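Just so you know, these numbers use all the heavy atoms, side chains as well, and skip hydrogens, waters and symmetry mates. Residue numbers start from 1 in every chain, and the chains themselves are labelled A, B, ... in the order their sequence lines are given, proteins ahead of strands. From a predicted model like this one, the values you see are computed outputs, not experimental measurements.
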2 protein chains.
Amino acid sequence: MEEKKFRSHCSISSSLDLFGDKWSLLIVRDLLYHKQRTFKDFSQSTEKISSARLSDRLTKLEHVGILTKKNHPTNKKVFLYELTQKGRDLTPIIAEFILWGYRYLKDHISESSKAIAEELIQNKTVVIEKFQKGVILK
Amino acid sequence: MEEKKFRSHCSISSSLDLFGDKWSLLIVRDLLYHKQRTFKDFSQSTEKISSARLSDRLTKLEHVGILTKKNHPTNKKVFLYELTQKGRDLTPIIAEFILWGYRYLKDHISESSKAIAEELIQNKTVVIEKFQKGVILK
DNA sequence: ACAAATAACTTTCGAAATGAAAGCAATAAA
DNA sequence: TTTATTGCTTTCATTTCGAAAGTTATTTGT
């Protein structure tokens, strides 16, 4: 009983099979902006993911190796999620989403979204490196 | 009765609201590789999208302004889909998907996928420009 | 010490989205 | 003028989803 993971051998299609949905990249986004997040933190982000969906996505992303779950140093009931290198390497994808949104959804997105896009336009490489290193931008 | 399109004012989330699913970017991919595609062409790509889903996605992507539908010059029952500038500007996102897949799904993806990734690694800017201009790479 | 609050889920359930298959109308090919 | 083809639409069983309530192990407040 092995599950069929991938629809094809195309890298785009296969990547989409892993995190191509409406929530996964938002979880990654939160971890790029904050480095560590708890279940509750994710629950409180503006898009209001349901706990069932969040639980499901965190499990999947952990299995796929994009993030890890670890114990909180002092509080036993809290867990800390953070990106792996594999997860941090999604930064360029996220960055291009930001830039596309900046270009085509300008009258809808927030000022802070715009600010990040403008930083990216100024110096994409540096900003992406900052994200990957866990430097909080927002 | 306006429909709520967006979950938030985040550019990532909003972009995902438009094309964040398992099929939309594959349609865009096909149009980057081929410039013009018919309904049948899309139906025949390796991931085997169902006609109901394909119809639905083409309509949505057209409404969102990512692609256009036009008549075939000689055959009245065929329609030609092609990307708009807005759609072609998804190229950097697609490119980053290719690169991430190359890095992390190397033992699963096809040789042609790898070849494109290697071209991107050699010279990302030039390859992306080629894609955007409709130069067929594969 | 003990009750109340909290974090991280899990469960339930109705609604929406999906895939597979069949059906259909217009046009083109034989 | 029959047959095939294209581009869908329809149907329907299955899967996925969101919203809300429930559960368990801690932890906090008194």
Quiz prompt | Lys/Arg N to Asp/Glu carboxylate O, A:R29 vs A:E47, below 4.0 Å | solution =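 Judged by the 4.0 Å cut-off on N to carboxylate O distance, A:R29 and A:E47 do form a salt bridge.
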
Exercise. Enumerate the residue pairs fulfilling salt bridge (Lys or Arg N to Asp or Glu O under 4.0 Å) with a member in residues 9-19 of chain B, sequence neighbours excluded, ordered by first and then second residue.
Key: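 Counting only pairs at least two positions apart or across chains, the salt bridge (Lys or Arg N to Asp or Glu O under 4.0 Å) contacts touching residues 9-19 of chain B are B:R7-B:D17.
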
Min side-chain heavy-atom separation [X]-[Y] under 4.5 Å:
{"X": "B:F131", "Y": "B:I94", "answer": "no"}
{"X": "A:S11", "Y": "B:L105", "answer": "no"}
{"X": "A:S13", "Y": "B:K22", "answer": "no"}

Indicate every side-chain donor-acceptor pair of residues 95-104 of chain A with a distance under 3.5 Å to a residue at least two apart or in another chain.
unit_1	atom_1	unit_2	atom_2	d
A:E96	OE2	A:K124	NZ	2.6
A:W100	NE1	B:K86	O	3.0
A:Y102	OH	A:E118	OE2	2.6
A:Y104	OH	B:D89	OD2	2.4

Quiz item: Which residue lies toward the 5' end of DNA chain D, B:Y81 or B:K77, if each is placed at its nearest nucleotide?
Solution: B:K77

Exercise. Quick one: label A:F42 by what it contacts on the DNA or RNA (base, sugar-phosphate, nothing), any heavy atom closer than 4.0 Å.
Key: nothing

Practice problem: Look at all strands and tell whether A:T38 reaches a base, only sugar-phosphate, or nothing, counting heavy atoms closer than 4.0 Å. | Solution: sugar-phosphate

Quiz item: Could you give the angle between the helix axes at the two ends of the helix from C:dA1-D:dT30 to C:dA30-D:dT1, with five pairs per end, rounded to 10 degrees?
Solution: 20°

Self-check item: Any residue meeting side chain to side chain contact (heavy atoms under 4.5 Å, CB included) with A:S43, in chain and number order, not counting sequence neighbours
Solution: A:F39, A:L54

Self-check item: Test side chain to side chain contact (heavy atoms under 4.5 Å, CB included) applied to A:N123 - qualifying residues, sequence neighbours left out
Solution: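 Here the qualifying residues are A:T125, A:V126.
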
Quiz item: Hey, can you pull the residues of residues 65-73 of chain A with a non-hydrogen atom under 4.0 angstrom from DNA chain C?
Solution: A:K69

Quiz item: What pairs of residues pass the side chain to side chain donor-acceptor pair (under 3.5 Å) test when at least one of them lies in residues 49-70 of chain B, not counting sequence neighbours?
Solution: B:D21-B:R57

Self-check item: salt bridge (charged side-chain N to carboxylate O under 4.0 Å, His left out) against A:K114, all qualifying residues, sequence neighbours excluded
Solution: A:E111

Practice problem: List in chain and number order the residues that pass salt bridge (charged side-chain N to carboxylate O under 4.0 Å, His left out) with B:R37, two or more places apart in sequence or in another chain; answer none if no residue qualifies. | Solution: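 So B:R37 forms a salt bridge (charged side-chain N to carboxylate O under 4.0 Å, His left out) with B:D41.
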
Quiz prompt | Distance, rounded to the nearest Å, where A:E62 contributes CD and C:dA8 contributes P | solution =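 Rounded to the whole Å, the gap is 14 Å.
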
Practice problem: Would you give a per-nucleotide map of nucleotides 17-24 of chain C, 5' to 3', where B means the base has a protein non-hydrogen atom under 4.0 Å away, S means only the sugar-phosphate does, and - means neither? | Solution: -BBBBB--

Quiz item: In chain order, what residues pass the ring-ring contact (aromatic ring centres under 6.0 Å, His included) check against A:H72, with sequence neighbours excluded?
Solution: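 Result, ring-ring contact (aromatic ring centres under 6.0 Å, His included) vs A:H72: none returned.
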
Quiz prompt | Heavy-atom contact window of chain B on DNA chain D, given 5' to 3' at under 4.0 Å | solution =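 For DNA chain D, the relevant span reads D:dT5 to D:dT10.
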
Quiz item: A:S8 and B:T46: which non-hydrogen atoms are nearest, and at how many Å?
Solution: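 Closest approach of A:S8 to B:T46, heavy atoms only: CB-OG1, 4.0 Å.
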
